[in-house]
Every structure is written in C-alpha cells, then in structure tokens.
Amino acid sequence: MLDVDHLLSELTVAEKASLTSGSGFWYTAPVERLGVPRIMVSDGPHGLRAQPHDSDHVGLGGSLPATCFPTASAIASTWNPQLLHRIGAALAQEARACNLSVILGPGINMKRSPLCGRNFEYFSEDPFLAGELAVGIVGGIQSRGVGTSVKHYAANNQETDRLRVDVQADERTLREIYLPAFERVVTACQPWTVMCAYNKVNGASASENHWLLTTVLREDFGFEGLVVSDWGAVYHRVPALLAGLDLEMPPALGRSPEQIAAAVESGEVPIEVLDQRVRRVLELVSKGMPVLDLDESFDVDAHHSLARQAAAESVVLLKNDGLLPLAAGARIAVVGEFARTPRFQGAGSSQVTPTRVDVLLDELRAVYGEVPFAAGYGIGTTGDDVALRAEAQRVAAAAETVIMLIGLPGADESEGFDRTHLDLPANQLAALAAVAEVNPNVAVVLVNGATVLLGDVMPHARALAEAWLGGQAAAGGIADVLTGVVNPSGKLAETIPLRLEDNSSFLNFPGDSQVVRYGEGVFVGYRGYDRSGLDVAYPFGFGLSYTRFAFSDLGVDLRGSVAEGTLAATVTVTVANTGAVAGAEVVQVYVRDVESAVARPVRELKGFAKVSLAAGESRTVSIELDQRAFAFWSARHGAWAVEAGDFVIEAGSSSRDLPLRTTIAVEAPRLAAALDRDSTLHEWMSDPDGRRLVEAEVAGGQPAAVLTDEMVSVVGTMPMSTLANFGGMSLDHDALDRIAGAWRERSGRTNPAG
Ligand code: BGC
C-alpha cells in the first residue's frame with residue numbers, strides 16, 4: 001500500500017505532473033525516487049490483450065494467449081449477470097497471471113444504431129439491461145482484486161469520425177438513455193476507473209467536458225475512482241485536467257507534464273486540483289500494486305469450458321419449426337465456410353490471441369462421426385461462387401438435415417468504422433437459397449457481431465439461431481445447442497428490424513460535418529420501433545427454447561412515497577415450464593407512464609430475472625422496482641420526476657410478448673412547473689397555484705372579462721412578459737414580478753422532482 005498523503009507532501013510539481021500521464025502504452029508512470037511503481041493496464045472486454053513489452057507503437061500487435069470469451073453482444077444475450085460475474089472473475093484471474101492491474105472494459109455504450117462498427121463490444125440498446133450486465137462483469141473482475149475501466153464515457157455510439165464528432169443530445173436523452181448504465185455500475189460497484197470517450201458531447205470533448213466528468217460523474221453519481229482518457233482522447237491537456245480527467249493515456253510524447261507544471265506555475269491550475277488528480281492516480285496504483293507481486297497462473301481448460309458454457313447460453317433461437325434439437329444419430333451435413341474457418345471475435349483493440357479455437361465441423365463430427373461438409377461460399381470474396389454452391393447442393397441433397405453457417409466477414413464490422421448497411425453477403429444468401437432448394441430442412445446459424453437483416457434468410461430456414469461472435473469456444477457452444485445438450489435460453493439484447501430505415505437513428509446517423517444530432521431523443525432501439533408502431537423481424541427480449549413457458553399471477557405491491565424518494569414496487573410473476581425438457585426463461589418487466597407531460601416510451605424494461613425450471617416445474621419470481629423505474633428526467637426541473645397517475649406494468653417473455661398486464665395508480669406531489677416571467681400564459685393557467693395568482697391580478701381581479709377561453713387559446717403560447725407589454729390584460733410588469741415571487745414561495749411546498 002502507498003502512503004498517499006505522505007507521497008503528496010514529498011512529490012515535486014514536476015513529479016506530480018508526470019504521474020497524470022502514463023509511461024508507454026500500457027503503464028502508469030513510476031516515481032522510483034519515492035518507491036511508486038508502475039502498474040499495467042490492458043484491453044479488454046471479453047479477453048485480455050496483454051502486451052507486456054509495448055510490442056508495437058500503436059499497441060495493436062500480438063498479445064499473450066488468453067481466453068477469448070464471447071463478445072459483449074453475445075454475453076448480453078444471456079441476460080444473466082451471474083454468468084457475467086463468473087466470466088469477470090475468470091478474466092481477473094488471467095490478469096493476475098500476467099501481473100496486470102486494470103482491465104480496460106467493459107464497453108457499455110448504447111447501441112444507438114445497428115450500424116455502429118463496435119456494437120459487438122457493447123451490450124444492448126437498453127440502458128437498464130446494459131447496467132445490470134455491467135454490474136455483473138465489473139463485480140466479478142473487481143471481486144478478484146483487479147480493476148476495470150468502464151468505457152467509453154459517454155455517448156460514443158459510432159465509429160465514424162469518432163475522435164472529432166460532436167454528439168448533440170438533449171439532457172433528458174443523455175440522462176435516460178446514454179448515462180444510466182454508467183450510473184448503475186458506478187453506484188453499485190465503484191469501478192476502479194472510468195474511461196472517457198473520444199467524441200465531443202454538446203460541444204466539449206469528453207476529456208474536457210466538465211459537465212460529464214465532474215457534475216454528472218462525480219457530483220451526481222458519486223464516482224470515487226479515476227478517470228482515464230481513451231487512448232489519445234486528450235486534445236488539450238490543461239483544460240482536460242481542469243474538467244476532471246485524472247490520467248492521460250498513452251503519454252503524448254511526454255509533452256503533457258511540462259504543460260501541466262507550467263499551468264501550475266502560472267496559477268491556471270491550482271495546486272489543489274493537481275493534487276487531487278495525483279491522489280487518484282496514487283490510489284489506483286496502490287490498489288493495483290498487489291497484483292505485481294503475484295506468481296499465479298490460470299486454468300486454461302476450465303476457462304475454455306466456461307467460455308463454451310457462456311457461448312451456448314448466448315445463442316438466441318429465433319425460429320424452430322421442429323427441426324432442433326437434432327436427433328441422436330441424425331444424418332446431417334454442414335454447409336458454410338464459417339463452420340471450418342470460425343469467426344468468433346471482432347477486430348480492433350478488443351482482439352484477443354485465443355488459447356485455442358473450437359471448429360464447428362470438428363465439434364459435430366465428434367458427436368455424429370463422419371459429417372459431410374461443403375464450404376458453399378467464400379468469406380469476404382466478391383466473385384460468384386457457382387462451383388461452391390453446386391457442391392453445397394450435392395452435399396445438402398444427400399442429408400436429412402443441413403446445418404448452415406452464415407454471417408458477417410471480419411472485414412465488415414470492426415472498431416474504426418461503421419457499416420453502411422445491414423445485409424448479409426450476397427454470396428452467402430445465394431448459397432443458402434441454393435441449399436434450401438434441394439433440402440428444406442435447413443437450420444441456419446448466424447455468426448455476426450451486430451444485427452443483420454433476415455428477410456432473405458427466414459424463408460429458407462426451418463430453424464434459425466443467432467450465435468453472435470461467441471468467443472474461442474463458440475463452436476462448442478453452438479454444437480451443444482444444436483444437439484440439445486444445452487437448451488437455448490438467449491434473448492435478444494437488441495431488436496432485429498425489418499429494414500435499416502425503421503431504426504429511429506436512421507435519419508441522423510452518422511451525421512455530417514463532424515456533428516451528429518440525436519434527433520430521436522429517448523426513442524432508441526425498441527423504444528423507437530414501439531413508438532412508431534413498426535413491425536420488426538424479432539423484438540427486443542425475444543428468444544425461443546426447446547420447452548415452453550407459461551406466465552401467470554402478476555402481482556404488484558406498491559409502497560413508499562414519491563415525495564420522500566422511496567417509491568418502490570415488488571412485482572411478482574409465476575412462470576411455469578409446461579414443456580417436456582428443463583429450460584430457462586427470462587421474466588421481463590416493463591413500465592409505461594400512461595399520461596405524461598413529456599413524450600415517454602410505450603414501455604421500458606425496468607426489471608428481469610432469469611429462472612431455470614425443470615419440466616413441469618413452476619416458480620414465483622419477485623422483481624424489485626425503485627422510484628427511478630417510474631421517473632423521467634425533467635429538463636424543466638433539472639431533476640428526475642415522477643408524475644402522479646396510472647402506470648402500466650407488463651410482464652412476459654419479450655418486449656412484444658407480454659401476456660400479463662396491470663395498471664397501478666401512483667400518487668405523487670404535483671409537478672411544480674417552475675413558473676416565472678418567461679413562462680407562457682398556458683403554463684401559468686395549467687398550474688393551480690399559478691392560475692389563482694394570475695386570476696387575482698388580471699383586470700383588477702375580474703379575470704372573466706379578459707381571460708376568456710378564446711383569448712387563452714389564441715395568446716396562451718405567449719410568455720407572460722410579452723403579454724405584460726401589451727397591457728390588455730391589465731397585468732403590468734410589477735404585477736408580474738409579484739405573482740412570480742408569490743409562486744416561487746409556494747413552490748417550496750411542492751416537490752418538483754419527486
Ligand atoms: C479504444 C479503447 C481501448 C484503447 C486501448 C482505443 O482505441 O477505443 O476501447 O481500450 O484503444 O487499446
């Protein structure tokens with residue numbers, strides 16, 4: 001442990017400044033004179049990319065072998081935070097084995113558009129789900145004495161121009177969609193570090209954004225750890241330091257410490273501010289130091305097995321016309337180059353050197369003996385694969401059932417760029433159509449990191465499973481699902497739309513001239529499709545099983561008080577496995593505010609629970625909702641608010657299969673409208689106190705003469721200060737100041753923010 005207070009009194013300004021930048025690509029800066037060691041950090045979210053010797057100048061070259069667990073889109077589909085906790089603990093063990101103190105992940109940005117090239121590294125289009133999963137994996141990693149870096153804070157939702165683009169989003173949208181996953185993981189786990197994003201948010205780079213780094217992260221969320229920059233995200237070192245950035249990575253050719261020392265010298269940076277940043281660096285080093293002395297290893301086989309279990313649980317069964325699971329001794333053929341040349345992870349900073357890689361063809365041959373195979377298409381080829389298709393038809397025609405793997409070539413989705421469409425490659429679709437022509441019993445398995453359109457797949461697939469990029473044991477996990485060793489329980493963490501154009505970000509993605517406007521506001525993902533009443537291919541939360549589940553007995557026990565911030569509800573649901581095999585179902589609870597002062601989503605996920613049930617078993621699950629589950633961010637009050645009135649609680653197995661539904665009445669103090677001189681006549685008249693005050697002043701207390709309904713509807717949108725200029729209501733500016741003052745006094749008695 002370091003004695004941080006003592007060190008702060010001993011360090012020179014130059015040494016302090018040097019501590020606020022890294023040394024090399026993956027290390028913090030040491031101060032040998034005072035015994036401050038350097039600690040190592042490394043990517044990343046689903047497996048370590050440890051490069052102990054800074055092997056290349058951009059840190060993208062080879063790394064030590066590590067278990068490649070399923071990517072974020074895959075494990076998110078498990079809806080199983082406990083499983084993520086176990087994966088986190090395994091990742092931490094691998095970190096300990098290479099004396100690495102902080103893992104640079106998880107990535108918890110929202111999937112605003114299915115086109116984002118890095119969606120495979122992110123969990124969901126839903127902030128609640130992403131937050132719960134983040135708590136799982138961060139809790140797991142940190143339980144083993146290794147730190148995390150929750151990234152990329154905030155609103156890093158595209159790769160296009162990611163270092164410069166200015167995300168223009170209103171505060172409600174940020175608070176309700178893009179920040180809650182960070183808030184949840186910060187309040188639940190205090191991640192050792194948060195990594196700021198490259199992009200700007202409302203004009204200021206994330207690294208220089210005081211509102212993001214200090215007002216929201218520190219003051220509102222109570223973050224106690226360290227803010228590190230994304231690699232190269234510091235554009236102006238001194239403003240970044242002042243905004244709340246603690247550590248710059250990697251060091252910008254050593255220039256930053258000089259700039260900081262000079263700014264301290266000139267008084268631009270108070271020494272207390274630098275001390276506070278240095279304190280956080282020293283606290284991080286202190287927490288990370290014990291790992292440096294370890295001589296540990298990890299169990300490669302056990303981690304591979306965990307990766308296989310996770311891969312199987314990540315598979316989302318989208319369609320099954322009785323074809324799966326395969327019968328023992330089934331006469332199958334396998335088609336698809338991906339079955340021989342697996343794609344199991346994405347490209348960029350998260351790329352892992354796996355300890356081994358499962359191959360689907362081998363996995364199925366281990367179960368079924370000699371399994372005929374045809375490639376059917378080339379990966380990433382553009383030519384017409386006529387001969388490959390003909391061979392695939394020959395192989396398929398002779399089999400009972402065809403397992404066909406299709407998906408996205410690695411070059412189609414990656415860190416660094418976005419996709420421009422959601423289509424699967426034409427040669428793969430042509431191969432599928434050709435195979436289905438000679439054998440209708442085709443089970444299609446998809447391998448891709450982010451949503452693809454399935455219109456040309458569904459008609460040819462009697463069974464369809466989305467396996468995502470499932471990590472090094474993906475093939476084993478897929479085989480377990482196909483053969484029925486594992487009953488699929490994955491649920492979509494992102495909607496699969498019918499058309500790219502249906503996605504609410506479509507008109508504003510990826511923006512232009514270095515600006516992207518989040519014009520869809522809070523209507524992201526299913527919130528957008530539901531609001532527009534659009535059909536989708538497969539809804540958020542959807543996923544089939546080899547058994548069936550029935551939901552019954554929805555109960556809601558509401559308690560607490562909005563005024564005291566203690567509103568809470570326990571939702572109970574009974575779920576029964578009515579089929580013939582054991583399986584797991586995710587009970588999902590959605591909340592809707594029936595009537596609101598602002599446009600609110602048709603439904604929002606506010607709770608879920610994954611339940612394993614033997615055939616015939618049933619269980620009642622309880623899901624807790626807190627006050628936030630009912631609240632919206634009121635821009636007018638700059639606070640969360642709950643409105644009195646009816647709320648619909650729905651429960652079921654997907655966002656569009658919610659057989660249970662009840663309405664509850666929530667009592668809440670009237671939402672004070674923050675009335676002032678610039679509020680409109682309508683706003684004053686729709687507030688009971690405001691109305692009384694206006695009526696008492698207007699026309700010498702004879703309001704009926706001037707405040708006719710017609711008058712109010714014509715001039716109601718005018719601010720009172722404008723109306724006062726007209727004189728017609730006999731409400732002058734003095735009177736206006738009087739009623740505004742009186743209203744402010746009364747508003748102290750209401751509870752604007754619930
Ligand atoms: C990525 C981060 C990553 C960092 C270090 C950046 O380009 O955006 O996610 O942790 O590099 O590799």
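When a ligand or atom number is given, it counts from 1 through the structure's own listing order.
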Quiz item: Among Glu415, Arg118, Met195, whose heavy atom sits nearest atom 9 (O) of ligand 1?
Solution: Arg118

Quiz item: At the 4.0 Å heavy-atom cut-off, does Phe25 count as touching ligand 1?
Solution: no

Quiz item: Between Glu94 and Thr67, is any side-chain donor less than 3.5 angstrom from a side-chain acceptor?
Solution: yes

Self-check item: N or O pair under 3.5 Å between Trp231 and ligand 1
Solution: no

Self-check item: Test salt bridge (Lys or Arg N to Asp or Glu O under 4.0 Å) applied to Glu466 - qualifying residues, sequence neighbours left out
Solution: none

Exercise. Pull out every atom of ligand 1 sitting under 4.0 Å from any heavy atom of Arg49, numbered as shown with elements.
Key: 12 (O)

Quiz item: Is there at least one pair of N or O atoms, one from Glu121 and one from ligand 1, spaced under 3.5 Å apart?
Solution: no

Practice problem: Consider only side-chain N and O atoms of Glu520 and Ser505, and report whether a donor and an acceptor are under 3.5 Å apart. | Solution: no

Exercise. Using salt bridge (Lys or Arg N to Asp or Glu O under 4.0 Å) as the criterion, list what pairs up with Arg218, not counting sequence neighbours.
Key: Asp246

Exercise. Below 4.0 angstrom from a heavy atom of Trp26, which ligand 1 atoms are there? Numbered from 1 as shown, please.
Key: 5 (C), 12 (O)

Quiz item: Heavy-atom count around His236 NE2 within 6.0 Å, excluding the residue itself: above 12?
Solution: no

Practice problem: Show which atoms of ligand 1 fall inside a sub-4.0 Å distance from at least one heavy-atom site of Ser349. | Solution: 1 (C), 2 (C), 3 (C), 9 (O), 12 (O)

Practice problem: Just let me know how Arg162 lines up against ligand 1, side chain, backbone, both or neither, with a heavy-atom cut-off below 4.0 Å. | Solution: side chain

Quiz item: N/O to N/O below 3.5 Å, does that happen between Asp43 and ligand 1?
Solution: yes

Self-check item: Ion pair Asp418/Arg118, N-O distance below 4.0 Å
Solution: no

Quiz item: In a check of salt bridge (Lys or Arg N to Asp or Glu O under 4.0 Å) between Arg527 and each of Glu125, Glu176, Glu604, which one passes?
Solution: Glu604

Quiz item: Less than 4.0 Å between a side-chain N and a carboxylate O, is that true for Glu283 and Arg280?
Solution: no

Practice problem: Run the numbers for me: atoms of ligand 1, each under 4.0 Å from some heavy atom of Tyr198, listed by number. | Solution: 6 (C), 7 (O), 8 (O)

Self-check item: Option of least heavy-atom distance to atom 11 (O) of ligand 1 (set: Asn156, Asn109, Val228, Asp230)
Solution: Asp230

Practice problem: Indicate, with yes or no, if the rings of Phe120 and Trp468 have centres closer together than 6.0 Å. | Solution: no

Quiz prompt | Which of the ligand 1 atoms, numbered from 1, are nearer than 4.0 Å to a heavy atom of Lys151 | solution = 2 (C), 3 (C), 9 (O), 10 (O)

Self-check item: Whether Met249 lies under 4.0 Å from ligand 1, heavy atom
Solution: no

